[in-house]
Amino acid sequence: MIKANLTFFTIIGFFVLNSCGTNQKNDQLDQRVNALLAQMTLEEKVGQMNQYSSFWDITGPIPKEGSAAKQYDQLKKGLVGSMLNVRGAENVRKLQKIAVEETRLGIPLIFGFDVIHGFKTISPIPLAEAASWDLEAIETSARIAATEAAAAGINWTFAPMVDISRDARWGRVMEGAGEDPYLGSKIAFARVKGFQGDDLSAPTTIAACAKHFAGYGFPEAGKEYNTVDIGTQTLHNMVMPPFKATIDAGVRTFMNSFSQLNGIPATGSKYLQRTLLKEQWNFDGFVVSDWGSIEEMVEHGYADDAKQAAQIAVEAGSDMDMQSLAYIDHLIDLVKSSAVPETLIDDAARRILRVKFELGLFDDPYKYCNAEREKSTIGHEKFQEVTLEMAKKSIVLLKNKNQLLPLKKKGLNIALIGDLADDKTSPLGNWILAADTNSAVSVLEGMKAYEGNNLEFSVGVKLHTGVLEFAKELNINTSDKSDFTAALNLAKTADVVVMVLGEHGFHSGEGRSRTQLGLPGLQQELLEQVFKVNQNIILVLNNGRPLVLDWADQHIPAIVEAWQLGTQSGNAIAQVLYGDYNPSGKLPMSFPKSIGQVPIYYNYKSTGRPTLPSPDEVFWTHYQDEQNAPLYPFGYGLSYTTFAYSNLKINSQNDTSIDVSVEVTNTGNVQGNEVVQLYVKDHFARPTQPIKSLKGFELVDLNPNQTKTVHFTLAEAELGFYDNDGKFIVQPGDFSIYVGGDSTTELNTKFKL
Ligand code: GLC
């Protein structure tokens, strides 16, 4: 019976798919979906909407009691559509076998996993990759992650996270692409393309998931899961563009957000999931809830109980219930009591089945379960070089006074200080569920590869104590200074001190909001103590968010932003410190001078009193105790060479586009890569628009004294904005174009539209 059913759909598929061009492929695929749907009972359709996290150790005995036994029983009855947190070709095969060979219709499961920045070979955290502004490298990085994950049986990643955020207090800024919607949109597009490739049915591609829909990056006070109350201008012009970019890239799934947007939990928002996503954007994939977010509407005070939460969520367009059990426990009754029309269940199940067909899971449910391919793919040497390149491109040089960098390759006594300098786990970042601990190249190991200098290491101060777990609080050391003396003694005799300080990988990420953004624990004290005995310090930062570095900026001659760079971290950092790679990264988020400035971002609004009216007057937009400007602005990053911009001009303008060009020259004596950035200012607009907005960037590679002319074309997409109804409009008037190496550039030219 079961085999007959599978053969039935395969035969249908074979004749139909081969009978005409790919353009009607969707129609043919829909025919297969509808043919299957027509066979399904209400219970089986609701089962497709039910997702469980791995509820038992697949290598162990079958669960005989408790919730695991119930879930196992549902699995055998075809009442589970998806699993997450199951990995390994053989483990996935075991579960897939139950779904395909023991249930009535043999509908395969779709297996999801948080492949956020790598699977086993870990790339830099997404915020670091964003600092590269290198879309090709970012797409390749996602491609590698997909290849490894698919080899381990995964066919769906809960990535890219495309939440724009301006608030470094929020721990999940590490997972996104920073504060700007234009850069965020380009990166979102690249990541979806990287994960999904050109053929979703290939055994090396996986379905992507745009998350968290929507507004999650604007929690009040930067506090995790907190209320989001933003206006329509922020919603349409900051939050939505990266999500729309994933649609343009063909993303097949969305994940909604834990947060409530203006009083409505995202998972219960019909506006977000039906009106905007499924109707206006014509999204035909499916929406998965974020862990338990359906039932969490009860905690939000939005639903009386899980049953009402299930009704609200399915009416709002949440298609799959991740781990809250609200759907599997209540939807069948809700339909049978006519509280929920079965058409809503059909729509959700159809969407889920369509993605499974697109993945090829009906043609070969075990295509992702090839143990041989898993063994030969995961951790492959060829991935290391690409991950190393990505890591080097993600590094941002923040300061280099007296040209302390790059280091000479011989004859130096170098003191390497900091707990993070020989940490092989922290550089992997936060989302490392499939990675091996201690699998990163440490800074100590990377620098030891350069044997011409005398390198000695001292821990300086322990950063944390106790357990290091994804779901547990991090215990920061605030009392043990027993390692200070040895570090100070080493620093005294060194020619140069390299200090690796910052956050552990588990100090940012989900559930990791902070109210202070300085160097955690006793690191700042250590830095100041070392500075007293040796001022030749190179500060290498490992962190998952912008930090407050005002003291360091005033005292430390060289500062390198090295985020959490993944498996090849230590090699990338060493190659930059020694000048074998000239740093080219640019900040995707503003770094504040003080915590009180946060949230701080470059594309702010003018206000009615933007400038000081007269000396010492107070009636203007400012603080009494801090400047308005950040310490390091969006788009900022230095190089070992220098660049000059000239000859910015508008070459042509017609009623559809404007051609702009600028000359960029390498005015130093080493090769360098520059991210040429173009910002647009719409001087007068209704509603008001930011004082400037990133609308173009180009990476240029220049040898010493070389000049290149960079062209930009501005069209409606770059000159318009969304009004308060979410309608894209372009208003005529006065505009300025700014071009330079960061968002503070003053080089500009004007035009009228
Ligand atoms: C988490 C995260 C989400 C992740 C999901 C599954 O709570 O918010 O980003 O994909 O659960 O692990």
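In listed order, ligands and their atoms are each counted from 1. All residue numbers in this chain count up from 1 along the given sequence. All values below come from the heavy atoms of this structure, side chains included, with hydrogens, waters and symmetry mates left out.
- Close contacts between ligand 1 and F158 involve ligand atoms 10 (O) [criterion: under 4.0 Å to a heavy atom].
- Counting the atoms of ligand 1 from 1 in the order shown, those under 4.0 Å from a heavy atom of K211 are 3 (C), 4 (C), 9 (O), 10 (O).
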| query | Would E129 and R191 satisfy side-chain contact (heavy atoms from CB on, under 4.5 Å), going step by step from the backbone distance to the final call? | reply | CA-CA 11 Å; E129 288 196 352; R191 285 200 167 122; 3.2 Å; yes
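- Across N85, V288, D114, heavy-atom proximity to atom 4 (C) of ligand 1 is greatest for D114.
- Between R172 and ligand 1, an N or O atom pair is found at a separation short of 3.5 Å.
- Regarding atom 2 (C) of ligand 1, its nearest protein heavy-atom neighbour is E510 OE1, 3.2 Å.
- Looking only at distances, a side-chain donor or acceptor of R93 sits under 3.5 Å from a matching main-chain atom of C369.
- Short contacts between ligand 1 and M255, defined as distances under 4.0 Å to a heavy atom of the residue, involve ligand atoms 3 (C), 10 (O).
- Backbone and side-chain nitrogen or oxygen atoms of E175 are examined, and none is located within less than 3.5 angstrom of a nitrogen or oxygen of ligand 1.
- Aromatic ring pairs are classed by plane angle as parallel below 30°, tilted from 30° to 60° and perpendicular above 60°; the pair Y52 and F55 is perpendicular.
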Decide side-chain contact (heavy atoms from CB on, under 4.5 Å) for M390 and S132; before the verdict, give the C-alpha distance in whole Å, the side-chain angles of both, and the deciding distance to 0.1 Å.
CA-CA 8 Å; M390 186 75 257; S132 74; 3.3 Å; yes
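- Nearest-heavy-atom check against atom 8 (O) of ligand 1 across D290, I116, L433, D163 picks out D290.
- Ring planes of F243 and F213: perpendicular class, angle over 60° (limits at 30 and 60°).
- For M161, no heavy-atom contact with ligand 1 is shorter than 4.0 Å.
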- [ ] Dump the intermediate steps for side-chain contact (heavy atoms from CB on, under 4.5 Å) on R274 and D347, then the final yes or no.
- [x] CA-CA 12 Å; R274 289 203 185 282; D347 177 56; 3.8 Å; yes
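- Between W431 and F158, the gap from one ring centroid to the other reaches at least 6.0 Å.
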